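Protein chains get the first letters and strands the later ones, always in sequence-line order, with residue 1 at the start of each. If you're wondering where the values come from, they're calculated on a predicted model, not measured in any experiment.
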Amino acid sequence: MLDLKQIRQNFDDIQAALGRRGDYDLAPLRDLDQQQRELETQRSQLQARSNEIGKAVGQQIRQGADPKGADILALREEGNQVKAQLAELDPQEKDLKGQIEAILLGLPNLPSATTPDGKDETENVEIRRWGDEYIPQAPAGAPLKPHWEIGEALGLLNFERSAKIAQSRFVTLIGQGAALERALFTFMLDRHTRHGYTEVMPPYLVNTASLTASGQLPKFKEESFQCKDDDLWLSPTAEVPVTNLHRDEILPAEDLPLHYCAYTPCFRREAGSYGRDTRGLIRLHQFNKVEMYKFVHPDTSEAEHQTLVADAEAILQALKLPYRVIELCTGDLGFSANKTYDLEVWMPSAQTYREISSCSNCGDFQARRASIRFKVAGQKGTQFLHTLNGSGLAIGRTMAAVLENYQQPDGTVKVPEVLQPYLKPTFRTPKCHTQELRLKPLQTGHSRLLQFILTTFRTFLTRIGY
RNA sequence: GGAGAGGUGGCAGAGUGGUCGAAUGCGUCCGACUUGAAAUCGGAUGUCCCAAAAGGACCGUGGGUUCGAAUCCCACCCUCUCCGCCA
C-alpha cells in the first residue's frame, strides 16, 4: 500500500513514479482524501462538543443536580442534536474512507528508481549468465527430450492419472520421482538454514486479511482457490503466510533482520494462462516451492536483496544448472515489488531459459498493508520495515530442469552430485545403487513377472533382517 | 459438533453506566542514596489520525441503546476447559 501522506505531500513525484508502471491517475484519490479530511475536522469538533456535554452532565449529577432538571434536560437536548449531526457525517466519512482504502489497496508498489523502464517482459534486462559450460549438447540425430517425456518414460511422474484424481495441470510423483522432489526441497532447506534462514512450516490455508496484507487481494482474486464456506484460501505462495507471521506487530529494531525459509505447496488457478505450458511441470495448479523471506531495516533492504538473489543462485550453482539473471522492467514488475530479479534456468528441450525464481524487494509496501513496524529502543515512534521474498527455488521447475539437463543418451537421468546424499540407497532398495533415476514404464505382463520376483526377494531380505 | 469460561496497556491483573487511556503489581528507562551493586525512594513508560497546538480515535471485531459505554444489548471472531469425533 502506498503512503497516503506521501501522495498528499509529493503528489507529482508519486504520480510520475506510478506512471512508469502504467496508466494510473491519482487525482481522484487526492480529491477524496481532501473531502475526507474536511469531514474529519468537522466530525471531530462535533465529537469534542459531545464529549464536553457528556462530562458536564456527569459532573452536575455527581454534584447533586436533579437528573430530570431543566439544566440537564437542556444539555441532553443539545447532546441529541450533536448526535443527529454526527449521524449524518459519520456514514459519509466512512464511505469516503472506504473508497480511499479501496483505491489504495488496488495501487501497485512504486518501482525503485533503479528499476529499468519497459512495457512488458520483452524489455527485461539480462544481468548475467552462469554455467554455459553445463549446457547439454544433443547428440547428432537425437534431440534432447522434454522433461515430461523423460519423467513419464522413467515412471517418475504421471499426468493422466492426476487429471483423473483432480484435473489437468496436476501431477503425481511416483517412486524415485517423489524421492527426487523430496531430495530437492530437503537440500534447499538445508542450504538456507545453514545460511541463517529460520525454517517455518506455516498453514497452507490463509484468510482474506492475510492475502490482502501480502498484496494478492483484492486485485488478484481470480488467481487463488477459495474455500467459500470458511473465509479461507489455498495459499498461492509461502510469501503469504510468512508475511503474516508478523502482521500487526511492532518488532524491536535489534531483532532485525529476520530471515525465514519455508517449504510449502502453492496453489494457483492460473486463470488467463490457458494454452500456455500445458504440458509438463512448468505451470501447475499445485506445485511445491521453497521460499526465502526477509524482514529488514529499510537501510539494509537493497543489500539484503542482493544476498537474497545470491542465495537463490547458490542453489542453481550447486545443482550445476545453467541459468541467467534478469531484472524485470517496470511493465513486468509484480504488484507488491519495487524491484525484482528473476532467475531463469536453461531448458534444453525448448532451447530457452525459463523462470525458476523471482526475488523481489517490496520496500515498505507489504509492511504498510500488514502493519509490520519496528521500534528503536529509547526512540519515540515506529517505522515500517521492509520485506523481501524470493523463491529458492520452485521445486517442480527445478525437477524439470534436472530431468532435462541431466538426461543421458540411454534414457536414464543422472542424479546431481549434491543430491546424491539425499537419494542414497538403503539396503532394502538395492536397485538404487545405480545413482540413476530409473523406473519402469507402465507394466506389461512380462514386467509383472519381474516385479513379482523383485517383491519376493525384497520380502525375503526384510525377513532376514535387512 | 455439544456444554461452560474468557478476550483490558510489554506481561500479570482490577475495573458492571459518568472526571477511565484505564487502579495495582511486575518489567523497562531516568534520577537520588551508594566506592560500586543490591535494596529503598522519586519520576517516567502504549498506538494511531492531524504539520503542530488544540482536538479526535483505540479495552477482540462490527453494530445497537444512552447526553455519556471497557462496563448494558445483538452478531461475529478468537482462546481456554470438559465431552464427542478424529490423524
Side-chain angles (χ1 to χ4, degrees), chain A residues 1-11 29-30 32-102 104 201-213 227-233 241 244-256 265 364 367-385:
Chain A
M1 188 149 62
L2 302 183
D3 184 0
L4 192 55
K5 202 188 282 182
Q6 283 290 319
I7 294 175
R8 200 180 292 145
Q9 288 166 354
N10 305 316
F11 184 82
L29 179 62
R30 179 178 53 186
L32 286 172
D33 178 47
Q34 183 135 17
Q35 289 176 46
Q36 188 272 326
R37 293 179 67 198
E38 280 163 16
L39 268 180
E40 182 173 319
T41 309
Q42 280 182 50
R43 203 218 55 226
S44 78
Q45 278 166 1
L46 281 172
Q47 202 74 257
R49 179 59 191 149
S50 171
N51 290 345
E52 240 171 14
I53 293 169
K55 273 184 190 164
V57 171
Q59 220 155 31
Q60 291 189 21
I61 292 177
R62 184 168 292 262
Q63 284 165 2
D66 175 7
K68 298 253 162 79
D71 286 355
I72 303 270
L73 284 180
L75 280 172
R76 280 195 191 175
E77 180 49 35
E78 192 190 344
N80 273 324
Q81 281 172 13
V82 170
K83 198 161 66 164
Q85 288 174 289
L86 279 171
E88 266 187 52
L89 293 186
D90 226 35
Q92 286 179 41
E93 202 198 334
K94 271 197 185 140
D95 179 54
L96 284 171
K97 275 192 167 161
Q99 288 184 51
I100 290 167
E101 178 87 353
L104 278 176
M201 206 173 252
Y204 306 147
L205 299 193
V206 296
N207 58 33
T208 300
S210 292
L211 277 166
T212 307
C227 311
K228 287 201 167 136
D229 291 341
D230 295 292
D231 184 34
L232 287 171
W233 308 66
N244 285 278
L245 209 51
H246 294 296
R247 173 151 53 92
D248 294 324
E249 288 185 25
I250 299 171
L251 304 166
E254 62 267 25
D255 284 5
L256 300 179
D364 64 5
R368 182 170 276 111
R369 284 177 162 247
S371 186
I372 308 172
R373 292 165 288 170
F374 67 93
K375 183 177 175 63
V376 180
Q379 275 182 30
K380 210 171 156 53
T382 57
Q383 251 189 93
F384 289 110
L385 46 71

message: Is it the case that the side chains of A/Gln99 and A/Asp95 hold a donor-acceptor pair, with the cut-off being a distance below 3.5 Å and no angle test?
response: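 A donor-acceptor contact under 3.5 Å links the two side chains.
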message: Tell me whether the side-chain N/O atoms of A/Arg76 come closer than 4.0 Å to OP1 or OP2 in B/G18.
response: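 Checking A/Arg76 against B/G18: no side-chain N or O falls below 4.0 Å of OP1 or OP2.
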Identify the nucleotide, in any strand shown, that forms a Watson-Crick or G-U wobble pair with [N], with both distances under 3.5 Å; if there is none, say none.
{"N": "B/A69", "answer": "none"}
{"N": "B/G25", "answer": "B/C11"}
{"N": "B/G42", "answer": "B/C30"}
{"N": "B/G6", "answer": "B/C78"}
{"N": "B/C59", "answer": "none"}
{"N": "B/U35", "answer": "none"}

- prompt: Starting at the 5' end of RNA chain B and moving along, which residue's nearest nucleotide shows up first, A/Gln59 or A/Asn51?
  reply: A/Gln59
statement: Nearest-nucleotide check on RNA chain B, A/Gly381 vs A/Gln9; residue mapping nearer the 5' end is A/Gly381
- prompt: In terms of side-chain geometry, is the basic nitrogen of A/Lys97 or A/Glu93 positioned less than 4.0 Å from the acidic oxygen of its partner?
  reply: yes
query: Is it true that A/Lys55 and A/Glu52 have a side-chain N and a carboxylate O under 4.0 angstrom from each other?
result: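 Salt bridge absent between A/Lys55 and A/Glu52.
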NA contact type, [X], heavy-atom cut-off 4.0 Å: base, sugar-phosphate, or nothing?
{"X": "A/Lys375", "result": "sugar-phosphate"}
{"X": "A/Arg49", "result": "nothing"}
{"X": "A/Thr382", "result": "sugar-phosphate"}

query: CD of A/Glu38 versus P of B/C49: gap in Å, rounded?
result: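 So the CD-P distance, A/Glu38 to B/C49, works out to 20 Å.
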Whole-angstrom distance between [N] and [M], as gauged at atom [atom1]:
{"N": "B/U65", "M": "B/C74", "atom1": "P", "answer": "15 Å"}
{"N": "B/G62", "M": "B/C78", "atom1": "C1'", "answer": "15 Å"}
{"N": "B/G4", "M": "B/A69", "atom1": "P", "answer": "30 Å"}

Choose from [options] the nucleotide whose nearest atom is closest to any side-chain atom of [X].
{"X": "A/Ile250", "options": "B/U47, B/C67, B/C50", "answer": "B/U47"}
{"X": "A/Arg373", "options": "B/U47, B/G55, B/G68", "answer": "B/U47"}
{"X": "A/Arg8", "options": "B/G68, B/C50, B/G18", "answer": "B/C50"}

- request: Name all residues meeting the salt bridge (Lys or Arg N to Asp or Glu O under 4.0 Å) criterion together with A/Asp66; count only those two or more places apart in sequence or in a different chain, and write none if there are none.
  value: none
- request: For the pair A/Arg369 (side chain) and A/Thr212 (backbone), establish whether a donor and an acceptor sit closer than 3.5 Å, ignoring hydrogens and angles.
  value: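 Yes; judged by distance alone, with no hydrogens or angles, the pair exists.
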